[in-house]
Amino acid sequence: DAGVTQSPTHLIKTRGQQVTLRCSPKSGHDTVSWYQQALGQEPQFIFQYYEEEERQRGNFPDRFSGHQFPNYSSELNVNALLLGDSALYLCASSVRTGKYQETQYFGPGTRLLVL
Amino acid sequence: AQSVTQPDIHITVSEGASLELRCNYSYGATPYLFWYVQSPGQGLQLLLKYFSGDTLVQGIKGFEAEFKRSQSSFNLRKPSVHWSDAAEYFCAVGGRGSYIPTFGRGTSLIVHP
(Lines give C-alpha, C1' and ligand atoms only; values in the text may rest on other atoms or scores of the structure.)
Protein backbone atom coordinates (compact mmCIF):
# COMPACT_ATOMS: atom_id res chain seq x y z
CA ASP A 1 0.00 0.00 0.00
CA ALA A 2 1.66 3.19 -1.19
CA GLY A 3 1.65 6.01 1.26
CA VAL A 4 1.41 9.69 0.44
CA THR A 5 3.70 10.67 -2.40
CA GLN A 6 4.90 14.13 -3.40
CA SER A 7 6.79 15.50 -6.35
CA PRO A 8 9.25 16.92 -6.94
CA THR A 9 11.45 16.25 -3.92
CA HIS A 10 13.47 19.43 -4.36
CA LEU A 11 12.96 22.59 -6.37
CA ILE A 12 14.89 25.81 -6.88
CA LYS A 13 13.12 28.91 -8.19
CA THR A 14 13.82 32.62 -8.40
CA ARG A 15 11.77 35.44 -6.97
CA GLY A 16 8.65 36.25 -8.99
CA GLN A 17 8.38 32.82 -10.56
CA GLN A 18 5.51 30.41 -10.14
CA VAL A 19 5.70 26.84 -8.84
CA THR A 20 3.42 23.79 -8.82
CA LEU A 21 3.80 20.99 -6.31
CA ARG A 22 1.99 17.68 -6.57
CA CYS A 23 0.60 15.18 -4.10
CA SER A 24 -0.99 11.75 -4.39
CA PRO A 25 -2.89 10.67 -1.29
CA LYS A 26 -2.74 7.36 0.49
CA SER A 27 -4.99 4.73 -1.02
CA GLY A 28 -8.56 5.10 0.25
CA HIS A 29 -8.09 8.71 1.37
CA ASP A 30 -10.26 11.47 -0.06
CA THR A 31 -8.93 14.60 1.63
CA VAL A 32 -5.67 16.41 1.05
CA SER A 33 -4.18 19.12 3.24
CA TRP A 34 -1.14 21.24 2.51
CA TYR A 35 1.29 22.62 5.05
CA GLN A 36 4.28 24.94 4.92
CA GLN A 37 7.11 24.20 7.30
CA ALA A 38 9.86 26.77 7.64
CA LEU A 39 13.20 25.60 8.97
CA GLY A 40 12.98 24.86 12.68
CA GLN A 41 9.25 25.54 12.88
CA GLU A 42 6.10 23.47 13.12
CA PRO A 43 3.95 22.85 10.05
CA GLN A 44 1.60 25.72 9.22
CA PHE A 45 -1.73 24.83 7.63
CA ILE A 46 -2.26 26.30 4.15
CA PHE A 47 -5.55 24.74 3.00
CA GLN A 48 -7.50 21.53 2.70
CA TYR A 49 -9.27 20.01 -0.29
CA TYR A 50 -12.19 17.63 -0.21
CA GLU A 51 -14.53 16.73 -3.07
CA GLU A 52 -12.42 18.92 -5.37
CA GLU A 53 -13.15 22.05 -3.36
CA GLU A 54 -11.16 24.10 -0.92
CA ARG A 55 -12.86 23.45 2.41
CA GLN A 56 -10.65 25.28 4.87
CA ARG A 57 -7.86 27.77 4.56
CA GLY A 58 -5.15 28.96 6.88
CA ASN A 59 -3.63 32.42 7.06
CA PHE A 60 -1.93 32.41 3.66
CA PRO A 61 -2.28 34.97 0.84
CA ASP A 62 -4.08 34.37 -2.42
CA ARG A 63 -0.75 33.70 -4.09
CA PHE A 64 -1.22 30.21 -2.68
CA SER A 65 -3.85 28.25 -4.56
CA GLY A 66 -4.65 24.63 -5.11
CA HIS A 67 -6.63 22.05 -6.90
CA GLN A 68 -7.93 18.56 -6.27
CA PHE A 69 -8.58 16.15 -9.09
CA PRO A 70 -11.28 13.45 -9.34
CA ASN A 71 -8.71 10.80 -8.36
CA TYR A 72 -8.13 12.81 -5.13
CA SER A 73 -4.61 13.88 -6.06
CA SER A 74 -3.83 17.53 -5.52
CA GLU A 75 -1.64 20.41 -6.63
CA LEU A 76 -0.37 23.40 -4.72
CA ASN A 77 0.44 26.48 -6.78
CA VAL A 78 2.38 29.46 -5.55
CA ASN A 79 2.59 32.60 -7.70
CA ALA A 80 4.98 35.53 -7.49
CA LEU A 81 7.42 33.65 -5.28
CA LEU A 82 9.10 35.48 -2.42
CA LEU A 83 12.29 34.58 -0.61
CA GLY A 84 10.13 33.83 2.44
CA ASP A 85 8.34 31.08 0.56
CA SER A 86 11.43 28.91 0.91
CA ALA A 87 10.30 25.98 3.04
CA LEU A 88 9.40 22.32 3.16
CA TYR A 89 5.91 21.86 1.74
CA LEU A 90 4.08 18.92 3.22
CA CYS A 91 1.03 17.17 1.91
CA ALA A 92 -1.15 15.15 4.25
CA SER A 93 -4.00 12.87 3.32
CA SER A 94 -6.91 11.65 5.40
CA VAL A 95 -10.45 10.38 5.26
CA ARG A 96 -13.30 12.74 6.04
CA THR A 97 -16.04 10.79 7.76
CA GLY A 98 -19.09 12.66 8.83
CA LYS A 99 -18.38 15.54 11.15
CA TYR A 100 -14.78 14.86 11.93
CA GLN A 101 -11.46 14.18 10.39
CA GLU A 102 -9.53 11.03 10.67
CA THR A 103 -5.79 10.87 11.18
CA GLN A 104 -3.59 12.78 8.74
CA TYR A 105 -0.74 10.90 7.09
CA PHE A 106 2.09 12.95 5.69
CA GLY A 107 4.19 12.67 2.59
CA PRO A 108 7.97 13.20 2.49
CA GLY A 109 7.60 16.83 1.44
CA THR A 110 8.94 19.06 -1.31
CA ARG A 111 11.86 21.30 -0.39
CA LEU A 112 11.45 24.65 -2.17
CA LEU A 113 14.29 27.13 -2.31
CA VAL A 114 13.60 30.61 -3.66
CA LEU A 115 16.65 32.63 -4.70
CA ALA B 1 -9.51 27.73 20.08
CA GLN B 2 -7.30 24.70 20.27
CA SER B 3 -3.62 24.92 21.13
CA VAL B 4 -0.69 22.73 22.02
CA THR B 5 2.30 23.50 24.23
CA GLN B 6 5.49 21.52 24.14
CA PRO B 7 7.48 23.10 26.98
CA ASP B 8 10.83 21.62 26.07
CA ILE B 9 12.54 22.92 22.92
CA HIS B 10 15.44 20.47 23.28
CA ILE B 11 15.85 17.27 25.28
CA THR B 12 19.17 15.46 25.58
CA VAL B 13 19.35 11.86 26.78
CA SER B 14 21.93 9.12 26.75
CA GLU B 15 21.37 6.06 24.63
CA GLY B 16 19.57 3.43 26.70
CA ALA B 17 18.04 5.96 29.08
CA SER B 18 14.32 6.49 29.43
CA LEU B 19 12.53 9.38 27.73
CA GLU B 20 9.51 11.52 28.41
CA LEU B 21 8.44 14.36 26.12
CA ARG B 22 5.80 16.68 27.47
CA CYS B 23 2.69 17.90 25.70
CA ASN B 24 -0.13 20.03 27.10
CA TYR B 25 -3.18 20.90 25.09
CA SER B 26 -6.16 23.19 25.18
CA TYR B 27 -9.35 22.01 23.53
CA GLY B 28 -12.98 22.70 24.29
CA ALA B 29 -14.26 19.17 23.83
CA THR B 30 -12.91 15.65 23.81
CA PRO B 31 -9.58 15.93 22.02
CA TYR B 32 -7.97 13.74 19.45
CA LEU B 33 -4.25 13.68 20.20
CA PHE B 34 -1.31 12.72 18.05
CA TRP B 35 2.43 12.40 18.22
CA TYR B 36 4.48 12.68 15.04
CA VAL B 37 8.22 12.28 14.51
CA GLN B 38 10.25 14.05 11.86
CA SER B 39 13.80 13.25 10.83
CA PRO B 40 15.78 16.11 9.26
CA GLY B 41 14.43 17.07 5.85
CA GLN B 42 11.74 14.39 5.97
CA GLY B 43 7.99 14.30 6.32
CA LEU B 44 6.11 13.60 9.53
CA GLN B 45 5.56 10.02 10.60
CA LEU B 46 2.69 9.15 12.92
CA LEU B 47 3.92 7.51 16.12
CA LEU B 48 0.58 7.08 17.87
CA LYS B 49 -2.83 8.62 18.36
CA TYR B 50 -5.56 8.83 20.98
CA PHE B 51 -9.22 9.13 20.05
CA SER B 52 -10.99 7.40 22.93
CA GLY B 53 -10.83 4.36 25.20
CA ASP B 54 -7.72 3.23 27.03
CA THR B 55 -5.76 6.30 28.07
CA LEU B 56 -2.41 4.52 27.65
CA VAL B 57 -1.69 4.29 23.94
CA GLN B 58 0.96 2.12 22.35
CA GLY B 59 2.65 3.28 19.18
CA ILE B 60 5.36 2.28 16.79
CA LYS B 61 9.08 2.08 17.57
CA GLY B 62 8.41 1.24 21.22
CA PHE B 63 6.76 4.57 22.08
CA GLU B 64 3.73 5.02 24.30
CA ALA B 65 1.72 8.01 25.49
CA GLU B 66 -0.73 8.56 28.30
CA PHE B 67 -3.77 10.83 28.05
CA LYS B 68 -4.49 12.60 31.33
CA ARG B 69 -7.64 14.66 31.02
CA SER B 70 -7.27 16.24 34.47
CA GLN B 71 -3.85 17.59 33.51
CA SER B 72 -4.66 18.28 29.83
CA SER B 73 -1.54 16.34 28.98
CA PHE B 74 -0.47 13.69 26.50
CA ASN B 75 3.16 12.91 27.30
CA LEU B 76 5.22 10.63 25.11
CA ARG B 77 7.45 8.00 26.71
CA LYS B 78 9.99 5.38 25.75
CA PRO B 79 11.75 3.10 28.25
CA SER B 80 15.07 2.89 26.41
CA VAL B 81 16.15 5.35 23.75
CA HIS B 82 18.14 4.34 20.68
CA TRP B 83 20.46 6.65 18.76
CA SER B 84 18.08 6.41 15.78
CA ASP B 85 15.36 8.11 17.86
CA ALA B 86 17.15 11.45 17.50
CA ALA B 87 14.64 13.62 15.63
CA GLU B 88 12.02 16.34 16.05
CA TYR B 89 8.82 15.32 17.83
CA PHE B 90 5.52 17.11 17.33
CA CYS B 91 2.40 16.80 19.43
CA ALA B 92 -0.90 17.74 17.76
CA VAL B 93 -4.52 18.12 18.86
CA GLY B 94 -7.71 17.87 16.86
CA GLY B 95 -11.18 16.57 17.46
CA ARG B 96 -14.78 16.32 16.40
CA GLY B 97 -15.67 19.31 14.29
CA SER B 98 -12.03 20.24 13.93
CA TYR B 99 -10.76 19.15 10.57
CA ILE B 100 -7.28 20.55 11.01
CA PRO B 101 -4.91 19.45 13.77
CA THR B 102 -2.99 22.11 15.63
CA PHE B 103 0.69 21.36 16.11
CA GLY B 104 2.98 22.20 18.96
CA ARG B 105 6.29 23.85 18.19
CA GLY B 106 8.15 20.60 18.52
CA THR B 107 10.80 19.10 20.79
CA SER B 108 14.21 18.25 19.39
CA LEU B 109 15.57 15.01 20.84
CA ILE B 110 19.34 14.62 21.00
CA VAL B 111 20.74 11.22 21.89
CA HIS B 112 24.27 10.89 23.28
CA PRO B 113 26.14 7.59 22.76
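If you're wondering where the values come from, they're calculated on a predicted model, not measured in any experiment. The sequence lines fix the lettering, A, B, ..., with proteins before strands; numbering per chain opens at 1.
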State whether the number of non-hydrogen atoms from other residues, nucleotides or ligands found under 6.0 Å of [X] atom [atom1] is greater than 12.
{"X": "Ile9(B)", "atom1": "CD1", "result": "no"}
{"X": "Asn59(A)", "atom1": "CG", "result": "no"}
{"X": "Leu115(A)", "atom1": "CG", "result": "yes"}
{"X": "Arg63(A)", "atom1": "CZ", "result": "yes"}
{"X": "Phe67(B)", "atom1": "CZ", "result": "yes"}

Using heavy-atom distances under 4.5 Å, tell me whether Gln45(B) contacts chain A through its side chain, its backbone, both, or neither.
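Neither the backbone nor the side chain of Gln45(B) comes within 4.5 Å of chain A.
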Working to the nearest 0.5 Å, report the span between [atom1] of [X] and [atom2] of [Y].
{"X": "Tyr35(A)", "Y": "Phe103(B)", "atom1": "OH", "atom2": "CZ", "answer": "5.0 Å"}
{"X": "Phe47(A)", "Y": "Ile100(B)", "atom1": "CZ", "atom2": "CD1", "answer": "11.5 Å"}
{"X": "Tyr32(B)", "Y": "Thr103(A)", "atom1": "OH", "atom2": "OG1", "answer": "9.5 Å"}

Partners meeting side-chain hydrogen bond (donor to acceptor under 3.5 Å, both in side chains) with Gln71(B) (sequence neighbours left out):
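Gln71(B): no side-chain hydrogen bond (donor to acceptor under 3.5 Å, both in side chains) contacts found.
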Set out, in order, the CA-CA distance, both residues' side-chain angles and the distance that settles side-chain contact (heavy atoms from CB on, under 4.5 Å) for Gln6(B) and Glu42(A), then state yes or no.
CA-CA 11 Å; Gln6(B) 293 181 248; Glu42(A) 72 272 28; over 6 Å; no
Residue by residue, scan residues 77-92 of chain A and write down, ordered by number, those that have a heavy-atom distance under 4.5 Å to chain B; if none do, write 'none'.
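Residues Leu88(A), Leu90(A) are the ones that qualify, each having a heavy atom under 4.5 Å from chain B.
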As an exercise: rank Arg111(A), Gln44(A), Gln6(A), Gln41(A) by heavy-atom pairs under 4.5 Å with chain B and give me the winner.
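Of the candidates given, the most pairs with chain B belong to Gln41(A).
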If Ile, Leu, Val, Met, Phe, Trp and Tyr residues are connected whenever their side-chain heavy atoms lie under 4.5 Å apart, and connections chain through other members, are Val114(A) and Trp34(A) in the same group?
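Yes, Val114(A) connects to Trp34(A) through the hydrophobic network.
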Same cluster for Tyr49(A) and Val95(A) if Ile/Leu/Val/Met/Phe/Trp/Tyr side chains link at under 4.5 Å?
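No, Tyr49(A) and Val95(A) fall in different hydrophobic clusters.
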Linking directly or through intermediates, with side-chain heavy atoms under 4.5 Å: list the remaining ILVMFWY members grouped with Ile110(B), chain and number order.
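Its cluster mates, by chain and number: none.
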Tyr36(B) and Gln104(A): which non-hydrogen atoms are nearest, and at how many Å?
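The answer is OH-O, 2.6 Å.
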Are Leu44(B) and Tyr105(A) packed together at the side-chain level, in the sense that at least one heavy-atom pair is separated by less than 4.5 angstrom?
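With C-beta onward as the side chain, the pair stays apart.
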Taking every heavy-atom pair that is under 4.5 Å apart, which of Ala92(B), Gly106(B), Gly43(B) has the most such pairs with chain A?
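Highest number of heavy-atom pairs under 4.5 Å: Gly43(B).
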Salt bridge (charged side-chain N to carboxylate O under 4.0 Å, His left out) partners of residues 58-76 of chain B, not counting sequence neighbours, each pair once
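Every salt bridge (charged side-chain N to carboxylate O under 4.0 Å, His left out) pair that includes a residue of residues 58-76 of chain B, provided the two are not neighbours, is Glu64(B)-Arg77(B), Glu66(B)-Arg77(B).
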